[in-house]
Amino acid sequence: MTATRSRFIAFEGGEGAGKSTQARLLAEALRARGIEVVVTREPGGTPGAEAIRALLLTPPGDGWPPHAEALLFAAARADHVAHLIRPALARGAWVVCDRFVDSSRAYQGGAGGLGDDAITALHAFGSDGIRPDRVILLEGDETALAGRLAARGQAADAIEGRPAEYHRAVAAAFRALAEAAPDEFARIEALGDPQEVHARVLAAIADLLP
Ligand SMILES: Nc1ncnc2c1ncn2[C@@H]1O[C@H](COP(=O)(O)OP(=O)(O)OP(=O)(O)O)[C@@H](O)[C@H]1O
Ligand SMILES: [Mg+2]
């Protein structure tokens, strides 16, 4: 392994945008360059956070009230940051994360109506406000992305199963976050074959490569 400066990359976007596919392709490309890469996801990534993921995506009972949901995401993230992300960055690895705090900002803060200040405050408390070096926001036509999910044929979880209106609000919130911080976000067209999208992702992180 080549010694490299650690980097933290997060993939964001709505359901079926290709986050997991592109996180895997990016990790493979980085490893081919001799870089140590930790690929992880949210909610989850550590045993504690994966346990919270199950509570969030398959809620026991009637579903979480919005504030409880936001707290659970923040708690999962605090564990993930403390036990996996910070240690990996400290030893010089790259961390490629499938969703991070901007998902909480777009879903719970934006579409869920809790507001950005509340989510940002939870993140400051839980995870000392850690930010990725770059956020790759995958964006594409709503109908085309819905088709991908339908083709995958997996049952929707508690969040994915929310109405189209909610998911449109998520997309709008992501767009607003990216527009407000153009240096942090790279907005990537998610339509096109996976290798085509991957090439766009590589171009968007080229300046971070050793
Ligand atoms: N560029 C692409 N073109 C066509 N299909 C794709 C592309 N990228 C991913 N897919 C397929 O679309 C589906 C969703 O992709 P993926 O799971 O990577 O998205 P995701 O953003 O991680 O979704 P989720 O929000 O559900 O986790 C998968 O079946 C995947 O194989
Ligand atoms: Mg995924």
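Counting convention: from 1, in listed order, for ligands and their atoms alike. Count residues from 1 along the sequence.
In terms of heavy-atom proximity, L208 sits nearest to W94 at O-CZ2, 3.6 Å. Residue V39 comes nearest to A23 through the heavy atom pair CG1-CB, 4.4 Å, listed as atom of the first residue, atom of the second, then distance.
For R99, every heavy-atom contact with ligand 1 shorter than 4.0 Å involves the side chain, none the backbone. The residue L138 has no part lying near ligand 1, judged by heavy-atom distances below 4.0 Å.
Counting atoms of ligand 1 from 1 in the listed order, those under 4.0 Å from a heavy atom of E15 are 25 (O). If you number the atoms of ligand 1 from 1 as listed, the ones under 4.0 Å from a heavy atom of G18 come out as 15 (O), 16 (P), 18 (O), 19 (O), 20 (P), 21 (O).
Residues S104 and R77 bring a donor and an acceptor atom of their side chains to less than 3.5 Å of each other.
Here's the thing with D98: none of its N/O atoms is less than 3.5 angstrom from an N/O atom of ligand 1. Considering backbone and side-chain atoms alike, E160 places every N or O at 3.5 Å or more from each N or O of ligand 1. Annotation: L149 places no N or O atom under 3.5 Å from an N or O atom of ligand 1; distance criterion only. Between K19 and ligand 1, an N or O atom pair is found at a separation short of 3.5 Å.
One finds a salt bridge joining R99 and E15 here, because a Lys/Arg side-chain nitrogen approaches an Asp/Glu carboxylate oxygen to under 4.0 Å. Salt-bridge check for E179 with R175: failed, with every basic side-chain N at 4.0 Å or more from each acidic carboxylate O. Between D207 and R134 there is a salt bridge, since a side-chain N of the basic residue sits under 4.0 Å from a carboxylate O of the acidic one.
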Check your understanding: Which is it for D116 and L177 under the side-chain contact (heavy atoms from CB on, under 4.5 Å) test, yes or no, and what are the steps along the way?
Key -> CA-CA 10 Å; D116 199 45; L177 292 175; 4.3 Å; yes
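Here L72 contributes atom CG and H67 contributes atom NE2; the two are 13.0 Å apart, rounded to the nearest 0.5 Å.
If you check which protein heavy atom lies closest to atom 27 (O) of ligand 1, you get S20 OG, 4.0 Å. The protein atom (non-hydrogen) at minimum distance from atom 17 (O) of ligand 1 is R152 NH1, 2.8 Å. Atom 12 (O) of ligand 1 has its closest protein heavy atom at R148 CD, 3.4 Å. Nearest protein neighbour of atom 30 (C) of ligand 1, counting heavy atoms only, is T21 OG1, 4.0 Å.
Legend: side chain to side chain donor-acceptor pair (under 3.5 Å) pairs involving residues 141-152, not counting sequence neighbours, sorted by first then second residue: E142-R168.
The backbone N or O of G44 sits nowhere less than 3.5 Å from a side-chain atom of E42 that would complete a donor-acceptor pair. At distances below 3.5 Å, at least one donor-acceptor pair connects side-chain atoms of E50 with backbone N or O atoms of G45.
Among residues two or more places apart in sequence or in another chain, the ring pair (Phe, Tyr, Trp, His ring centres under 6.0 Å) test is passed with F100 by F8, H123.
Across A190, G192, A17, heavy-atom proximity to atom 1 (N) of ligand 1 is greatest for G192.
At a 4.0 Å cut-off, at least one heavy atom of G16 sits close enough to ligand 1 to count as contact.
Protein N/O/S atoms found under 2.8 Å from the Mg ion (ligand 2), listed by chain and residue number: S20 OG.
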Contacts table for residues 84-93: side-chain donor-acceptor under 3.5 angstrom, sequence neighbours left out:
unit_1, atom_1, unit_2, atom_2, d
R86, NH2, S127, O, 3.1
R91, NE, E36, OE1, 3.4
R91, NE, E36, OE2, 3.0
R91, NH2, E36, OE2, 2.8

